[in-house]
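It should be emphasised that the depicted structure is a prediction, and the values quoted were computed from it without experimental measurement. Because only heavy atoms are used, hydrogens play no part in the values below, and waters and symmetry mates are left out as well, while side chains stay in.
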Amino acid sequence: VVLSAIFAGAAFGTMLAVGTLWGPRIMEARGASPDFATILTALAWLGLAVGAPLVNVVSDRWNSRKVPAVAWLGLQAVAISLVIYLPTESQGVAIVLMFAVGLFSGVQMLGFTVAGESTDSALIGSASAIVNGFCFLIGGLLTSIPSSMMPADPQLSDYQAALWLMPLVLVVGMAAASLLRRRSTAQ
């Protein structure tokens with residue numbers, strides 16, 4: 001349950017921070033209008049809506065929870081790194097990257113699946129509560145810690161200097177997911 005809470009928390013915590021605060025701000029710092037930055041944020045949430053059910057389908061087809069968890073966290077880390085550090089990006093690239101951030105953050109739902117499969121049926125609610133708590137705890141930390149590193153009038157380079165925590169947290173999530181026992185999804 002702890003490993004699933006860590007990887008789910010990394011995925012959703014990053015998405016929560018991007019989808020509520022950092023996504024629009026970094027896109028505006030890149031020159032996007034506030035309206036387009038809002039559309040990009042909505043696309044990230046749309047990506048999550050697609051990715052959340054899709055990752056369970058993928059994990060069932062691959063007969064693995066571990067492999068898709070590690071892969072999707074890695075892809076989310078790449079997508080968020082490109083959002084933060086890509087020198088320039090067109091509107092089309094921004095659309096694809098923000099959707100990808102959300103899509104691959106859908107892996108957080110696999111954390112609930114793994115936690116539920118790892119506990120007695122009487123404890124599934126408690127296991128889900130632990131995973132959910134980690135998701136919001138990490139999201140809160142990823143909004144507040146970078147905020148403390150920002151100057152009064154931040155520029156793109158300030159966001160890039162402070163948001164390194166997001167890819168790092170996703171790498172920690174990948175490490176946690178890689179420690180999952182490989183179990184067959186065919187029961």
Single-linkage hydrophobic cluster [X]~[Y], side-chain heavy atoms < 4.5 angstrom:
| X | Y | value |
| --- | --- | --- |
| Val114 | Phe104 | yes |
| Leu103 | Phe7 | yes |
| Val171 | Trp72 | no |
| Ile39 | Val96 | no |
| Leu82 | Trp22 | yes |

Work out which heavy atom in [X] is nearest to a heavy atom in [Y]; give both atom names and the distance.
| X | Y | value |
| --- | --- | --- |
| Val83 | Val101 | CG2-CG2, 4.0 Å |
| Leu73 | Met174 | CB-CG, 3.4 Å |
| Gly106 | Val55 | O-CG1, 3.4 Å |
| Met98 | Leu40 | CB-O, 3.6 Å |
| Leu163 | Pro146 | CD2-CB, 3.7 Å |
| Met166 | Ile80 | SD-CG1, 4.0 Å |

Residue pair Met27, Thr41: steps toward the side-chain contact (heavy atoms from CB on, under 4.5 Å) verdict: CA-CA 9 Å; Met27 290 305 175; Thr41 302; over 6 Å; no

Stepwise side-chain contact (heavy atoms from CB on, under 4.5 Å) check, Leu16 with Phe12: CA-CA 6 Å; Leu16 186 62; Phe12 184 74; 4.1 Å; yes

Do [X] side-chain atoms and [Y] backbone N/O form a donor-acceptor pair below 3.5 Å?
| X | Y | value |
| --- | --- | --- |
| Ser128 | Gly125 | no |
| Trp45 | Gly19 | yes |
| Tyr159 | Ile84 | no |
| Glu28 | Ala37 | no |

Let me confirm one number: the [atom1]-[atom2] distance from [X] to [Y], rounded to the nearest 0.5 Å.
| X | Y | atom1 | atom2 | result |
| --- | --- | --- | --- | --- |
| Leu137 | Ile130 | CG | CD1 | 13.0 Å |
| Ser81 | Gln160 | OG | CD | 11.0 Å |
| Leu48 | Leu43 | CG | CG | 12.5 Å |
| Ile145 | Leu165 | CD1 | CG | 6.0 Å |
| Met109 | Ser59 | CE | OG | 11.5 Å |
| Ser4 | Leu179 | OG | CG | 12.5 Å |

Residue pairs, two or more places apart or on separate chains, that pass side chain to side chain donor-acceptor pair (under 3.5 Å) and touch residues 104-115: Asn56-Thr113

Chi angles and distances behind the side-chain contact (heavy atoms from CB on, under 4.5 Å) call for Val50, Phe99: CA-CA 10 Å; Val50 172; Phe99 184 82; 4.2 Å; yes

Matching residue for Leu180 among Val67, Leu110, Val70, Leu3 - test: side chain to side chain contact (heavy atoms under 4.5 Å, CB included): Leu3

Derivation and outcome, side-chain contact (heavy atoms from CB on, under 4.5 Å), residues Phe134 and Ile6: CA-CA 7 Å; Phe134 266 76; Ile6 292 169; 4.1 Å; yes

